[in-house]
Amino acid sequence: MKLRIILGGTASGKERLALECAQRLDAEIVSVDSMKVYRGLDVATAKAGPEERAAARHHCLDLLEPEETFAATDFARAADAAIADIVARGKIPLLSGGTAFYYKALLEGLFEGPGADLPLRAELEARARKDGPEALHRELCAKDPAAGAKIHPSDLRRLVRALEVISLTGQTLSGRQTQWAGFHSEAGASAAAAPFAAPRYPFVMVRLVRERADLHRRIAERIRRMAARGLREEAARVWENRATYSRTPLQAVGYKEFFPYFRGEENWEAALERLRHGTNRLVRSQETWFRKFPAEEFFLPPDAEPAEAAAKLIDGIFKI
RNA sequence: GCUGGGGUAGCUCAGCUGGUAGAGCACGGCCCUGAAAAGGCCGGUGUCGGCAGUUCAACUCUGCCCCCCAGCA
């Protein structure tokens, strides 16, 4: 049983297309999305509602509370379970979502190693604030030259992770990573150089393509729709709970853009504008990821009909 | 109409005792191995409001004109 995968950035129309395909294939949808796993984050994430869920069964939505932390590896575990369940019932798993890193974790796997140690990270971050991220970079270069060469001196996030692995395991991050790369392809070749060379599941992948201008128009529309559906209230709830919510929801496009508004520094219109720009940027980075994925392109003109597109997809790329 | 402030990148603005310009954001490209809608790197962009004058050289000085904002009429 091959996984069907629909790749597309925010506002590309992939959810709608996935739903049409699911109905025609008697498939079930597995969401690949770092934000939709949270309960109560519905409007800003454009999460499937009751109607959509009645039309096709959805997985990997509403897995946890906004206070909880979640990582790519947790997603891979949840998706593995969902896929096994779907296949056991003789249905087709149809994956759709915009979080590239989660696809990597699910299809390629992550290296064996420790998870996040939040207090340790906080400590390292405090040091970076005091002495600058270059101090962490110097330390990394001394302890793990290969990782030091690969990670930019200002990429605090990755510096912290690399030092975290060393401190927790006594082994280098670069050593552990090549271990995995060798598992996927020939020794020495990096996993990034040959994405999905030895995937954990067989799959067929489609990448939805739209013109940028079309995408920007759809994003503006999408934001207007969200505003009409209670985006302000949802964002206000996230803002009020910022002390207890985990970091992920606080970083979501659709909430953080309103923080200046809630602080009284900006008006509503300016916040919506900020959200538009944030969404544009998100789509850009999603596309950068997806362009490297082994997917067949599927161009959607601005006036594409989801039903027709789905039929074409099923007769074409998704026909196995 | 008068007085003052201002017209420089798509936007907000900085700049120059004269040597044809920058920053943030936007926009575009890229990197990514347990917080990824995060984090990081790189990039182009301009008839410097118009016309004339001074000058080897004007975005910068001078004159006139146009436009915007505030106050006074």
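Residue numbers begin at 1 in each chain, while the letters A, B, ... track the order of the sequences.
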(message) For A36(B), does the base pair up with any side-chain atom of Arg157(A) as donor and acceptor (N or O, under 3.5 Å, distance only)?
(response) no
(message) Under a 4.0 Å threshold between the charged nitrogen and the carboxylate oxygen, would Glu164(A) count as salt-bridged to Arg161(A)?
(response) yes
(request) Hunt down the Watson-Crick or G-U wobble partner of U33(B), both distances under 3.5 Å, from any strand shown, or write none. (result) none
(message) Closer than 4.0 angstrom, basic N to acidic O: yes or no for Glu266(A) and Arg274(A)?
(response) yes
(request) For C69(B) and C61(B), measure between their C1' atoms and round to the nearest Å. (result) 26 Å
(message) Using a 4.0 Å heavy-atom cut-off, does Arg291(A) contact any base of the nucleic acid, only the sugar-phosphate backbone, or nothing at all?
(response) sugar-phosphate
(message) From CD of Glu287(A) over to P of A36(B), roughly how many Å is that when rounded to an integer?
(response) 21 Å
(message) Does U33(B) have its OP1 or OP2 closer than 4.0 Å to a side-chain nitrogen or oxygen of Arg176(A)?
(response) no
(request) For C25(B), give its Watson-Crick or G-U wobble partner with both distances under 3.5 Å, or none. (result) G10(B)
(request) Could you tell me whether Tyr255(A) contacts a base, only the sugar-phosphate backbone, or nothing, with contacts defined as non-hydrogen atoms closer than 4.0 Å? (result) nothing
(request) In plain terms, say whether Arg77(A) and Asp80(A) are close enough for a salt bridge, that is, a side-chain N and a carboxylate O under 4.0 Å apart. (result) no
(message) Taking syn as a glycosidic torsion within 90° of 0 and anything else as anti, which one is G34(B)?
(response) syn
(request) Scan Thr45(A) against the nucleic acid and name what it touches under 4.0 Å (heavy atoms): base, sugar-phosphate only, or nothing. (result) base
(message) Over all strands shown, is Thr69(A) touching base, sugar-phosphate only, or nothing at heavy-atom distances under 4.0 angstrom?
(response) nothing
(request) From the options U33(B), A37(B), A35(B), select the nucleotide whose nearest atom is closest to the side chain of Val253(A). (result) A37(B)
(request) Find which nucleotide of RNA chain B each of Lys150(A) and Glu257(A) is nearest to by heavy atoms, and output the residue with the more 5' nucleotide. (result) Lys150(A)
(request) Give Glu125(A) one of three labels, base, sugar-phosphate or nothing, depending on what nucleic acid heavy atoms sit under 4.0 Å from its own. (result) base
(message) Students often get this wrong, so: under 4.0 angstrom with heavy atoms, is Phe75(A) touching a base, only sugar-phosphate, or nothing?
(response) nothing
(request) Please state the P separation for the pair G22(B) and U62(B) - nearest whole angstrom. (result) 25 Å
(request) Output the single nucleotide from C32(B), A36(B), U33(B) whose closest atom is nearest the side chain of Gln177(A). (result) U33(B)
(request) Using Watson-Crick or G-U wobble geometry with both distances below 3.5 Å, tell me the partner of G1(B), or none. (result) C72(B)
(request) Grab the CZ-C1' distance between Arg276(A) and G10(B) for me, whole Å please. (result) 11 Å
(request) Would you tell me if any nitrogen or oxygen in the side chain of Asn280(A) comes within less than 4.0 Å of OP1 or OP2 on C27(B)? (result) yes
(request) Compare the minimum distances between each of G34(B), G28(B), A35(B) and the side chain of His216(A), then state the nucleotide with the smallest one. (result) G28(B)
(message) With rounding to the closest Å, how many angstrom separate the C1' atoms on A14(B) and G7(B)?
(response) 15 Å
(request) Give the nucleotide from the list A37(B), U33(B), A26(B) with an atom nearest to the side chain of Arg281(A). (result) A26(B)
(request) In whole angstrom, give me the gap between the P atoms of C66(B) and G50(B). (result) 15 Å
(request) Provide the distance between the two P atoms, one in A73(B) and one in G10(B), to the nearest whole Å. (result) 40 Å
(request) Nearest whole angstrom, please: distance from the C1' of C31(B) to the CH2 of Trp289(A). (result) 8 Å
(message) Less than 4.0 angstrom between a side-chain N/O of Lys256(A) and OP1 or OP2 of A38(B), yes or no?
(response) yes
(request) Output yes when Glu287(A) and Arg212(A) qualify as a salt bridge under the 4.0 Å nitrogen-oxygen rule, no when they do not. (result) yes
(request) Give one of base, sugar-phosphate or nothing for Ala44(A), where a contact means two heavy atoms less than 4.0 Å apart. (result) base
(message) Heavy atoms from C-beta onward define the side chain here; which of C27(B), A36(B), G39(B) lies closest to that of Thr99(A)?
(response) A36(B)
(message) Base, sugar-phosphate or nothing for Arg284(A)? Non-hydrogen atoms, less than 4.0 Å.
(response) base
(message) Whether Asp62(A) and Arg53(A) form a salt bridge (side-chain N of Lys/Arg under 4.0 Å from carboxylate O of Asp/Glu) is what I want to check.
(response) yes
(request) Please measure how far the C1' atom in A9(B) lies from the corresponding atom in G15(B), and state the result in whole Å. (result) 14 Å
(message) Quick check on A36(B): is either OP1 or OP2 less than 4.0 Å from any side-chain nitrogen or oxygen of Ser285(A)?
(response) no
(message) Checking base pairs now: Watson-Crick or wobble, both atom distances under 3.5 Å. What partners U62(B)?
(response) A52(B)
(message) Taking the minimum atom-to-atom distance to the side chain of Lys292(A), which one of U33(B), A37(B), C32(B) wins?
(response) C32(B)
(request) Please state how far atom CD in Gln286(A) lies from atom P in A37(B), giving the value in whole angstrom units. (result) 7 Å
(message) From C-beta outward on Leu282(A), which listed nucleotide comes closest to its side chain: C32(B), A37(B), A36(B)?
(response) A37(B)
(message) Taking only the P atom of each, what is the distance from A57(B) to C64(B) in whole angstrom?
(response) 23 Å
(request) Could you tell me whether a side-chain N or O of Lys36(A) sits under 3.5 Å from a main-chain N or O of Asp42(A), the two making a donor and an acceptor? (result) no
(request) Check every atom of G40(B), A37(B), G29(B) against the side chain of Ser154(A) and return the nucleotide holding the closest atom. (result) G40(B)
(request) Whole angstrom is fine here: how far is it from NE2 in His277(A) over to P in G10(B)? (result) 15 Å
(message) If I take atom OH in residue Tyr102(A) and atom C1' in nucleotide U33(B), what distance separates them, rounded to the nearest angstrom?
(response) 14 Å
(message) Check this for me, if you would: do Arg218(A) and Asp214(A) make a salt bridge, where the nitrogen-to-carboxylate-oxygen distance has to be below 4.0 angstrom?
(response) no
(request) Please round to the nearest 0.5 Å and tell me the distance separating atom CD of Glu296(A) and atom CG of Leu7(A). (result) 12.5 Å
(request) Kindly point out which of A37(B), C41(B), C30(B) is positioned nearest to the side chain of Ala252(A)? (result) A37(B)
(message) Under a 3.5 Å distance rule, please check whether Glu28(A) uses its side chain to pair with a backbone N or O of His58(A) as donor and acceptor.
(response) no
(request) Between A23(B) and C16(B), how far apart are the C1' atoms? Round to whole Å, please. (result) 16 Å
(request) Please confirm whether any donor atom in the side chain of Arg158(A) sits under 3.5 Å from an acceptor in the base of A36(B), or the reverse. (result) yes
(request) From the options A35(B), U33(B), G40(B), select the nucleotide whose nearest atom is closest to the side chain of Ala116(A). (result) A35(B)
